[in-house]
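Worksheet: one structure, shown below.
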Amino acid sequence: GLPGTDGFEVARRVRARVAAPQPRLVALTGYSQPRDRARAAEVGFDDFLVKPADLADLSRVLGAADARPAAAAQERRGSSTRWSTSRSVR
């Protein structure tokens, strides 16, 4: 956790305060329960990785951040965000 807050609150604040283009937010956590994934999606995380993160998954997530056009940042907040049951979520 973070002193006095948590990653969920940080993501919520970033999404509320940062104008377009929105930054890509990646949750890297030791928690992998369905409720954790659901909460991460609700507050605006784009990806969800569980520690220890697989290097290929981490590379994919970071590569996607470089390759994605700025216009897609707003789309990520919509229904297009995919949350699967795998360790890494796109």
Side-chain angles (χ1 to χ4, degrees):
L2 301 168
T5 191
D6 60 23
F8 297 117
E9 183 60 26
V10 171
R12 201 175 2 261
R13 290 180 185 183
V14 167
R15 291 292 186 225
R17 295 182 182 166
V18 176
Q22 289 275 309
R24 184 173 192 83
L25 300 179
V26 179
L28 178 59
T29 180
Y31 301 103
S32 63
Q33 297 300 311
R35 69 178 179 271
D36 302 315
R37 293 173 184 276
R39 187 169 176 208
E42 288 171 11
V43 300
F45 279 102
D46 298 296
D47 287 279
F48 188 96
L49 298 174
V50 177
K51 296 177 191 176
D54 181 73
L55 185 56
D57 289 336
L58 185 57
S59 294
R60 177 193 49 77
V61 167
L62 295 176
D66 288 338
R68 189 169 234 171
Q74 293 303 316
E75 179 183 297
R76 286 197 307 263
R77 297 189 68 197
S79 61
S80 65
T81 303
R82 294 173 281 156
W83 293 86
S84 70
T85 57
S86 67
R87 289 176 56 92
S88 170
V89 181
R90 297 186 265 298

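Quick note: residue numbers are just sequence positions, from 1. Note that these values count all heavy atoms, side chains included, but never hydrogens, waters or copies made by symmetry.
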> At their closest point, which heavy atom of Tyr31 faces which heavy atom of Phe48, and how far apart are they?
Replying inline: O-CZ, 3.2 Å
>> For Val61 versus Arg24, what's the shortest heavy-atom pair and its separation?
In response: O-NE, 3.7 Å
>> According to salt bridge (Lys or Arg N to Asp or Glu O under 4.0 Å), who are the partners of Asp36, at least two apart in sequence or on a separate chain?
In response: none
> Do the non-hydrogen side-chain atoms of Gln22 and Asp46 ever get within less than 4.5 Å of each other?
Replying inline: no
>> When you group the ILVMFWY residues by side-chain heavy-atom contacts below 4.5 Å and let the links chain together, are Val14 and Leu2 in the same group?
In response: yes
>> Taking side-chain contact (heavy atoms from CB on, under 4.5 Å) as the definition, give me every residue that meets it alongside Leu55, ordered by chain and number, with sequence neighbours left out.
In response: Ser59
>> In this structure, would Leu62 and Leu28 fall into the same cluster of hydrophobic residues linked by side-chain contacts under 4.5 Å?
In response: yes
> CZ of Arg12 to OG1 of Thr5: how many Å apart, nearest 0.5 Å?
Replying inline: 8.0 Å
>> With a 4.0 Å cut-off on N to O distance, would you call Glu42 and Arg39 a salt bridge?
In response: no
> Side chains of Arg37 and Val50: does their closest heavy-atom pair fall under 4.5 Å?
Replying inline: yes
> Transitively linked via ILVMFWY side-chain contacts under 4.5 Å: Val43 with Val18?
Replying inline: yes
